[in-house]
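Before any comments, here is the structure.
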Amino acid sequence: MAVAEAMIAHYNAQDADAYVALMTDDACEAGYRGEVVRAGKEGVRSGLKAMFAEYPENRAEVLSGHMLGEYVVLHERVSRSSQSEPFEVMSIYSFNGDKVSRVEFVR
């Protein structure tokens, strides 16, 4: 759970480098049971940097979290800016050892 929470802290600091440092080299981010939206550590890094440039106020608040074996599920409220409506998402973190290998988002 600590690694996923650290990733959220790096996300909120808009530190893509620190975020991907907690991932495996072949990690990805994807829709739940769906299409990969950011492939590999470098794909995640460049995708996050582009998103942070577009949404400089972007933040995620963890509403609750659960851990089961090699999985962590976080219920988050994300706001892109002070003018936009926040939305909720479930993030499912899969691990390979102490590194995140995949993050899937349910929206």
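Count residues from 1 along the sequence. From a predicted model like this one, the values you see are computed outputs, not experimental measurements.
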Heavy-atom closest pair (M1 atom, M67 atom, distance to 0.1 Å) is N-SD, 3.5 Å
Is there a side-chain contact between V3 and V100 (heavy atoms, below 4.5 Å)? yes
If two hydrophobic side chains count as joined below 4.5 Å and joins carry through other members, does V37 share a cluster with I8? no
Taking every heavy atom of G43 against every heavy atom of S46, the minimum-distance pair comes out as O-OG, 3.3 Å
S91 and V103: which non-hydrogen atoms are nearest, and at how many Å? CB-CG1, 4.4 Å
Say you draw a straight line from NZ of K41 to SG of C28; how long is it, rounded to the nearest 0.5 Å? 14.0 Å
Do Y32 and M90 land in one hydrophobic cluster if side-chain heavy atoms of ILVMFWY residues count as linked below 4.5 Å? yes
Between A30 and G34, what is the shortest heavy-atom contact and its length? CB-O, 4.1 Å
Kindly say whether A27 contributes a backbone atom to a donor-acceptor pair with the side chain of K99 at under 3.5 angstrom? no
Distance-only polar pair, side chains of N58 and R80, donor-acceptor under 3.5 Å: yes
Begin with the C-alpha distance, continue with both residues' side-chain angles, and end with the deciding distance and a verdict on side chain to side chain contact (heavy atoms under 4.5 Å, CB included) for E29 and F105. CA-CA 8 Å; E29 293 185 331; F105 300 101; 3.9 Å; yes
Side chains of V62 and H75 in contact at under 4.5 Å (non-hydrogen atoms): no
Considering residues, nucleotides and ligands other than F87, do more than 12 of their heavy atoms fall under 6.0 Å from its CZ? yes
Once rounded to the nearest 0.5 Å, what's the spacing between atom CG of L22 and atom NE2 of H10? 5.0 Å
Side-chain contact, heavy-atom cut-off 4.5 Å: H66 with V72? no
With a 3.5 Å cut-off and no angle check, do the side chains of S79 and E57 form a donor-acceptor pair? no
Side chains of R59 and V78 in contact at under 4.5 Å (non-hydrogen atoms): no
Sequence neighbours excluded, which residues qualify as ring-ring contact (aromatic ring centres under 6.0 Å, His included) partners of Y71? none
Could you tell me whether the side chain of S94 and the main chain of S101 form a donor-acceptor pair under 3.5 Å? no
With a 4.5 Å cut-off on side-chain heavy atoms, are R102 and I92 touching? no
For residues M7 and M23, determine if any side-chain heavy atom of one lies less than 4.5 Å from a side-chain heavy atom of the other. yes
If you round to the nearest 0.5 Å, how far is CG of L48 from CD of Q14? 9.5 Å
Parallel, tilted or perpendicular: which describes the rings of Y11 and Y19, with under 30° parallel and over 60° perpendicular? tilted
Quick one: do V106 and L74 end up in the same hydrophobic cluster if we chain Ile, Leu, Val, Met, Phe, Trp and Tyr together by side-chain heavy atoms under 4.5 Å apart? no
Treating E61 as the side-chain partner and E76 as the backbone partner, does any N or O pair qualify as donor plus acceptor under 3.5 Å? no
About how many Å separate CD of E104 and OH of Y93, when rounded to the nearest 0.5 Å? 12.0 Å
Do any N or O atoms from the side chain of D26 and from the backbone of G40 form a donor-acceptor pair under 3.5 angstrom? no
Can you name the closest pair of heavy atoms from K49 and A16 and give their distance? CG-CB, 3.7 Å
